[in-house]
Each structure stands twice: as structure tokens, then as C-alpha cells.
Visitor: 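Before we start, here is the structure in question, set down as C-alpha cells.
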Amino acid sequence: MEQLATVWRSMVLDRDAGADVRDLPGIAVRWADCRFAFWNCVTLTDLGADPALLERRLTEAADLMRAKTFPGFLWVFEDLLDADARTGLTAAAERAGLVHAFPGTGMAGDLLPLPEPAHPDLTFVRVRTDEHLHAYADLNSRAYGFPLEHGRDGLAGSTLWKEDVHAYLGLRDGVPVTCAATIEAEGRLFVVLVATDPRWERRGYGEAVTRMALYEGGRATGLTRATLHATVAGAPVYPRIGFAPNSPLHFFGLR
């Protein structure tokens with residue numbers, strides 16, 4: 001949760017210097033209010049929240065989300081809740097006007113340095129130009145089912161992504177088919193926005209480009225520990241690199 005709050009602060013302020021970035025009691029707001037839904041984020045931060053506190057926080061989070069122009073997600077880390085709150089999470093979210101969008105898993109590992117990665121189908125290029133950024137955004141839009149213009153609204157024109165993020169494209173015959181990035185966050189490398197074109201899945205491309213982003217990020221920073229939030233599709237991949245699952249997490253949207 002702390003890694004999310006740290007990284008998303010940088011991401012949304014890069015997108016909009018006037019973004020809503022606040023640490024409220026029990027809720028971290030990281031909301032760029034742009035069309036790229038992943039940059040519109042709130043997350044619960046209380047430790048050991050019981051059902052009554054969870055109910056209150058869910059209502060507060062939903063109210064925050066309703067006040068925005070563009071939709072986004074509430075991220076809930078199960079292990080921050082007590083056992084009763086975990087059991088009642090879905091029902092409590094529904095009472096607050098939220099619907100479960102998809103699950104995920106927090107992962108971490110002391111896995112760096114990695115050997116230099118390679119894949120027989122791919123060449124890797126670091127994101128350095130606006131053309132690279134557009135390709136990176138389009139891969140994420142295709143992978144997550146967003147309109148292309150929504151992904152570009154999140155990344156186009158970014159200086160952070162071209163300079164401070166270790167973002168890589170995997171090219172097959174010169175065409176971008178996969179991407180992954182890492183960024184330093186409080187003594188960790190955080191893996192962000194891994195995506196593969198759905199037409200090229202299940203070929204090891206996502207694992208290869210993630211290894212590349214970790215390899216180069218580790219070389220540049222000297223860090224040895226990395227964290228990430230895995231989708232269902234990515235969850236089987238990351239343990240092969242050295243990540244271990246920790247907290248289940250859930251993404252909620254407004255009903």
C-alpha cells in the first residue's frame with residue numbers, strides 16, 4: 001500500500017501538477033482525473049480496520065470518486081483489514097455503491113541483480129521519445145481494454161517516463177508487442193504498467209520485458225528488492241522471476 005501511494009503520487013503529479021494528491025485519515029487520494037483510469041486512484045490505509053471502520057472508509061472513498069469527472073479505482077489491500085472486515089468486504093462495498101472490478105495480488109522479492117535478459121523473438125528499447133510513449137500507452141490500452149486515446153491521455157508528453165522511469169518496449173520484427181517499467185520508490189524498485197498485446201500473449205514476452213526493466217533498473221539504482229501489484233493474468237509470471245505473493249488486493253469502481 002505504501003509503495004502504491006508513493007509511486008502513484010509521482011505518476012499523477014507528472015500527468016497533472018494540480019492533481020488531487022492528499023493523505024486523508026484512512027484514505028490516500030492519488031487522482032489525476034484523466035481518461036486513463038489507472039491514474040485515478042484512492043486506496044485505504046488504516047491498519048487492522050474492523051467492519052465499522054471499513055464501512056465508513058468505503059463510503060468516504062465512494063463519495064470522493066463521485067466528485068470526480070473521470071472514473072477510476074479504489075484499491076483495497078485485504079491484509080490491512082481484520083478478519084471480519086475481510087469477510088464482509090464485498091457486501092460493504094456494495095452498500096457504499098461500489099462494484100468489484102477485478103482482483104490482484106501484491107508481490108515482493110529480494111531478487112536483484114538478475115542476469116541480463118534475452119528472448120529469441122524480441123529486441124528491447126528504452127522509452128525515450130514521444131513515439132515510444134505512444135506505443136507504451138497503446139499496449140496498455142489494448143491489454144486492459146481501454147480506448148487508445150485513454151492510455152495516451154495518461155502517458156503522452158511525459159518527461160518522467162522518458163527520464164526517470166526504466167520503461168522498456170519489447171519489439172518483434174520492429175513492432176512493439178510488450179512493455180514493462182520500473183521506478184525507484186523508497187528503497188525498492190516498483191514494477192508498473194506491464195502489458196502485452198493480446199495477439200502475442202503466452203509467448204513469454206511479458207516476463208522477458210519485465211526482466212529487462214528490472215535488470216536495467218537494478219543496474220541504475222543498485223537496489224535489490226522489488227515490489228509490484230499483479231493482475232490475474234500476471235500472477236503466474238512473476239514468481240518465475242523471484243517475486244513472492246503477499247496481500248490479495250481488490251479493485252472497485254463506482255456502480
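Numbering of residues begins at 1 and proceeds along the displayed sequence.
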Visitor: Any Lys/Arg nitrogen of Glu207 or Arg240 sitting under 4.0 Å from an Asp/Glu carboxylate oxygen of the other?
Guide: yes

Visitor: Could you check whether any side-chain N or O of Thr182 sits under 3.5 Å from a backbone N or O of Ala213, counting only pairs where one atom can act as donor and the other as acceptor?
Guide: yes

Visitor: If the threshold is 4.0 Å, N to carboxylate O, is there a salt bridge linking Asp121 and Arg203?
Guide: no

Visitor: What residues form a ring pair (Phe, Tyr, Trp, His ring centres under 6.0 Å) with Phe70, not counting sequence neighbours?
Guide: none

Visitor: Kindly state whether the ring of Phe73 and the ring of Phe102 have centres lying under 6.0 angstrom apart.
Guide: yes

Visitor: Looking at Asp23 and Arg30, is there a salt bridge between them, counting it only when a charged N and a carboxylate O are closer than 4.0 Å?
Guide: yes

Visitor: Considering residues at least two apart in sequence or located in another chain, which fulfil the ring pair (Phe, Tyr, Trp, His ring centres under 6.0 Å) criterion with His132?
Guide: none

Visitor: Report whether Leu80 and Leu228 are members of the same hydrophobic cluster (ILVMFWY, side-chain heavy atoms less than 4.5 Å apart, transitive linking).
Guide: no

Visitor: Who are the salt bridge (Lys or Arg N to Asp or Glu O under 4.0 Å) partners of Asp20, not counting sequence neighbours?
Guide: Arg22, Lys68

Visitor: What pairs with Tyr205 under ring pair (Phe, Tyr, Trp, His ring centres under 6.0 Å), at least two apart in sequence or on another chain?
Guide: His119

Visitor: For Thr159, what residues pass the side chain to side chain donor-acceptor pair (under 3.5 Å) criterion, not counting sequence neighbours?
Guide: none

Visitor: What ring-ring contact (aromatic ring centres under 6.0 Å, His included) pairs are there with at least one residue in residues 148-174, not counting sequence neighbours?
Guide: Tyr136-Trp161

Visitor: List the residues meeting side chain to side chain donor-acceptor pair (under 3.5 Å) with Thr43, not counting sequence neighbours, and say none if there are none.
Guide: none

Visitor: If you group Ile, Leu, Val, Met, Phe, Trp and Tyr whenever their side-chain heavy atoms sit less than 4.5 Å apart, what else falls in with Leu98?
Guide: Leu24, Ile27, Val29, Trp31, Val42, Leu44, Leu54, Leu58, Leu64, Met65, Leu74, Val76, Leu81, Leu89, Phe252, Leu254

Visitor: Enumerate the salt bridge (Lys or Arg N to Asp or Glu O under 4.0 Å) contacts for residues 76-89, please, sequence neighbours excluded, ordered by first and then second residue.
Guide: none

Visitor: Quick one: list whatever passes side chain to side chain donor-acceptor pair (under 3.5 Å) with Glu184, sequence neighbours left out.
Guide: none

Visitor: Got a sec, which pairs hit salt bridge (Lys or Arg N to Asp or Glu O under 4.0 Å) with one end in residues 127-137, sequence neighbours left out?
Guide: Asp130-Lys162

Visitor: Please collect all ring-ring contact (aromatic ring centres under 6.0 Å, His included) contacts where either partner lies in residues 172-192, sequence neighbours excluded, each pair once.
Guide: Phe190-His229

